[in-house]
Amino acid sequence: MAEAHWYVAHTYSGYENKVKTNIEKAVENQHLEDQIFDVRVPVMEVMEMKNGARKQVTRKMFPGYVFVNMIMNEDTWYIVRNTTGCTGFVGPGSKPVPLTESEIRRFGISGDGEPAAAHIEADFTVGDTITVTGGVWKDTVGVIQSMNPSKQTVTINVELFDRETPVEISYQDVEKMN
């Protein structure tokens with residue numbers, strides 16, 4: 001028997017959950033549970049900051065894509081490819097390319113389906129004045145000199161020993177001043 005792999009199907013933007021549901025219904029109706037094992041729309045928890053208020057929301061990690069764990073054959077290819085809202089598989093021409101193990105881990109789709117780690121979306125930018133709300137520098141006021149979105153940090157200058165010293169602060173410990 002052939003081996004199951006994760007494949008990526010391209011969908012119309014905003015149709016990811018509908019495509020997921022339709023594939024799952026088709027699998028159930030055609031009794032292909034032994035060939036199509038899992039359909040996922042990877043999401044992550046994002047901390048949004050608007051006007052100083054923090055709000056946790058769930059966002060799609062890859063808008064316009066659905067991940068399918070299946071054994072590739074004509075039946076499974078047909079089911080996914082002909083699902084309403086699905087435009088095809090990711091790969092050259094009409095040949096779907098399975099994801100590698102490292103890609104699966106990096107995309108966070110293996111394991112128990114838990115969302116990826118929280119990611120904070122900042123409503124502040126370089127030049128904004130902020131207040132530090134936690135950590136060693138709590139209650140310090142500073143101007144953002146630089147931002148590192150991948151590390152989720154900002155750098156501000158603080159006065160230390162009568163000198164301006166750059167300090168890196170986590171997004172979660174920062175609040176924009178009005």
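We use all heavy atoms of the structure for the numbers below, so side chains are in, but hydrogens, waters and symmetry mates are not.
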**Student:** To the nearest 0.5 Å, what is the distance between CG (Asp123) and OH (Tyr171)?
**Tutor:**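 The distance works out to 11.0 Å.
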**Student:** Atom CD1 in Ile23, atom OG1 in Thr11: separation rounded to 0.5 Å?
**Tutor:**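 One gets 9.0 Å once the value is rounded to the nearest 0.5 Å.
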**Student:** Please tell me whether Val126 and Ile169 are part of a single hydrophobic cluster in this structure, the criterion being side-chain heavy atoms less than 4.5 Å apart.
**Tutor:**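 Same cluster.
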**Student:** To the closest 0.5 Å, what do you measure between CD (Glu168) and OG1 (Thr153)?
**Tutor:**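 The CD atom of Glu168 sits 3.5 Å away from the OG1 atom of Thr153.
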**Student:** Is the number of heavy atoms from other residues, nucleotides or ligands within 6.0 Å of NZ (Lys18) greater than 12?
**Tutor:**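 No - once you tally the heavy atoms of other residues, nucleotides and ligands closer than 6.0 Å, there are 12 at most.
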**Student:** Does a donor on one side chain sit under 3.5 Å from an acceptor on the other, for Thr76 and Asn73?
**Tutor:**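 Yes, Asn73 and Thr76 have a side-chain donor paired with an acceptor closer than 3.5 Å.
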**Student:** With heavy-atom distances below 4.5 Å as the criterion, would you say the side chains of Tyr15 and Cys86 are in contact?
**Tutor:**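 No, their side chains stay 4.5 Å or more apart.
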**Student:** Under a 4.5 Å side-chain heavy-atom rule over Ile, Leu, Val, Met, Phe, Trp and Tyr, are Val66 and Tyr12 clustered together?
**Tutor:**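 Hydrophobic grouping puts Val66 with Tyr12.
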**Student:** Do Gln30 and Tyr78 make a side-chain contact, defined as non-hydrogen atoms from C-beta onward lying under 4.5 Å apart?
**Tutor:**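 The answer is no; the side chains never approach within 4.5 Å.
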**Student:** What heavy-atom pair brings Met72 and Pro96 nearest, and what distance separates the two atoms?
**Tutor:**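 Taking every non-hydrogen atom into account, CE-CG, 3.5 Å.
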**Student:** Please determine if Glu24 and Lys20 form a salt bridge, counting it only when a charged side-chain N lies under 4.0 Å from a carboxylate O.
**Tutor:**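 Judged by the 4.0 Å cut-off on N to carboxylate O distance, Glu24 and Lys20 do form a salt bridge.
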**Student:** Only one of Thr140, Val141, Asp173 forms a side chain to side chain contact (heavy atoms under 4.5 Å, CB included) with Thr131, so which one is it?
**Tutor:**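 Only one of Thr140, Val141, Asp173 forms a side chain to side chain contact (heavy atoms under 4.5 Å, CB included) with Thr131, namely Val141.
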**Student:** Looking at OG1 of Thr133 and CD of Glu175, how far apart are the two atoms once the value is rounded to the nearest 0.5 Å?
**Tutor:**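 Those atoms lie 6.0 Å apart.
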**Student:** Starting from Val143, can I reach Val132 by hopping between I/L/V/M/F/W/Y residues whose side chains sit under 4.5 Å apart?
**Tutor:**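 Val132 and Val143: separate clusters.
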**Student:** Treat each ILVMFWY residue as a node, draw an edge where side-chain heavy atoms are under 4.5 Å apart, and state whether Val174 and Val158 are in one component.
**Tutor:**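 Yes; Val158 is reachable from Val174 via cluster members.
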**Student:** Tell me whether Glu33 at atom CD has more than 12 heavy atoms from other residues, nucleotides or ligands lying less than 6.0 Å away.
**Tutor:**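 Counting neighbours around CD of Glu33, more than 12 heavy atoms of other residues, nucleotides or ligands fall under 6.0 Å, so yes.
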**Student:** At what distance, to the nearest 0.5 angstrom, does CG of Asp128 lie from CD1 of Ile144?
**Tutor:**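 Reported value, rounded in 0.5 Å steps: 5.5 Å.
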**Student:** Do Tyr65 and His10 have ring centroids that are under 6.0 Å from one another?
**Tutor:**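 His10 vs Tyr65: aromatic centres under 6.0 Å.
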**Student:** Less than 4.5 Å apart, side chain to side chain, heavy atoms only: is that true for Leu99 and Phe67?
**Tutor:**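 Touching, per the 4.5 Å side-chain cut-off.
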**Student:** What pair of heavy atoms forms the shortest contact from His5 to Pro98, and how long is it?
**Tutor:**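 Heavy atoms only, the tightest pair is CB-CB, 3.5 Å.
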**Student:** Within a strict 4.5 Å, meaning less than it, do heavy atoms of the Phe124 and Met147 side chains meet?
**Tutor:**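 Yes. Closest side-chain heavy atoms under 4.5 Å.
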**Student:** To check you understand the geometry: which heavy-atom pair defines the closest contact between Val80 and Val68, and what is its length?
**Tutor:**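 Taking every non-hydrogen atom into account, CG2-CG1, 4.3 Å.
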**Student:** Any non-hydrogen side-chain atom of Trp6 less than 4.5 Å from a side-chain atom of Glu103?
**Tutor:**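 When only atoms from C-beta onward are counted, Glu103 and Trp6 do not touch, as no gap falls below 4.5 Å.
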**Student:** Applying a strict under-4.5 Å side-chain criterion to I, L, V, M, F, W and Y, I'd like to know whether Val27 and Val8 cluster together.
**Tutor:**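 Val27 does not cluster with Val8.
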**Student:** Has Glu164 got more than 12 heavy atoms of other residues, nucleotides or ligands less than 6.0 Å from its CD?
**Tutor:**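 Yes, CD of Glu164 has more than 12 neighbouring heavy atoms, counting only those of other groups under 6.0 Å.
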**Student:** Below 4.5 Å, heavy atoms only, C-beta onward: do Gln145 and Pro166 meet side chain to side chain?
**Tutor:**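 No; the side chains remain at least 4.5 Å from each other.
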**Student:** Using every non-hydrogen atom in the two residues, find where Ala26 and Ile79 come nearest and quote the distance to one decimal.
**Tutor:**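 Ala26 and Ile79 have their closest heavy atoms at CB-CG2, 3.8 Å.
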